[in-house]
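We name chains A, B, ... by the order of the sequence lines, and we start the count at 1 in each one.
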Amino acid sequence: MPIHGPDEPVYTIGVMARLVGVSSQMLRVWEKECLLSPARTETNNRLYSENDYYRLVRIRDLTRQGVNAAGIRMVLGITEVPAKQSIERTTDDKERKLTYGQSRRNRFGND
DNA sequence: CTTCTAACA
DNA sequence: TGTTAGTA
């Protein structure tokens, strides 16, 4: 039977907003912050999947705890790509240089 | 981040 | 109903 899979984009922004318990504008803001990537329909309307629901629930939970877009992006980033990128993959000097730069960030947070 | 409005599809 | 953009 053609039951919708967990990655089948069937929910519109309004439905997903009610499901998660946030406003539709938040979903658009979160997409702008690259916190998720919903599918687009023929008329350029956002379509969220069941998988996106769980992601949005995490985002809503983190946002309620006071986590900003940067923190949420990190959490979502690591949960989506777990230990996939290795140093072995970085063959180019640019890639290696980029990894080195990210690793040697300032010890003390003087912001 | 949250809320709302304007013009358009 | 939903999209973008702008506003407070």
**Whether over 12 other heavy atoms sit under 6.0 Å from A/Arg40 CZ** = yes

Sugar-phosphate only, base, or nothing, as touched by [X] at under 4.0 Å among non-hydrogen atoms:
X	value
A/Arg46	sugar-phosphate
A/Thr12	sugar-phosphate
A/Arg40	sugar-phosphate

Whole angstrom value for the distance that separates [atom2] of [N] from [atom1] of [X]:
X	N	atom1	atom2	answer
A/Tyr48	C/dT1	OH	P	17 Å
A/Lys32	C/dT3	NZ	C1'	14 Å
A/Asp61	B/dC1	CG	C1'	15 Å
A/Asn44	C/dT1	CG	P	19 Å
A/Leu27	C/dT3	CG	P	9 Å
A/Ile13	C/dT4	CD1	C1'	11 Å
A/Leu62	B/dC1	CG	P	11 Å
A/Ile59	B/dC1	CD1	C1'	13 Å

**Message:** I need a per-nucleotide contact map over nucleotides 2-9 of chain B, read 5' to 3'. Cutoff is protein heavy atoms under 4.0 Å; write B for the base, S for backbone only, - otherwise.
**Reply:** BBBB----

Report yes if some heavy atom in the side chain of [X] is under 4.5 Å from a heavy atom in the side chain of [Y]; otherwise report no.
X	Y	result
A/Leu35	A/Arg73	yes
A/Met16	A/Leu27	yes
A/Ile59	A/Arg55	yes

**Item:** Separation of A/Leu36 CG from A/Arg46 CZ (nearest 0.5 Å)
**Value:** 9.5 Å

**Message:** With a 4.5 Å cut-off on side-chain heavy-atom distances among I, L, V, M, F, W and Y, is there a chain of contacts connecting A/Leu19 to A/Val22?
**Reply:** yes

**Asked** Do you reckon A/Trp30 sits in the same ILVMFWY cluster as A/Leu47, going by side-chain contacts under 4.5 Å, direct or chained?
**Response** no

**Item:** Base paired to B/dC1 (Watson-Crick or G-U; both N/O distances under 3.5 angstrom)
**Value:** none

**Message:** Could you tell me the Watson-Crick or G-U partner of C/dT7, where both distances fall under 3.5 Å? Say none if there is no partner.
**Reply:** none

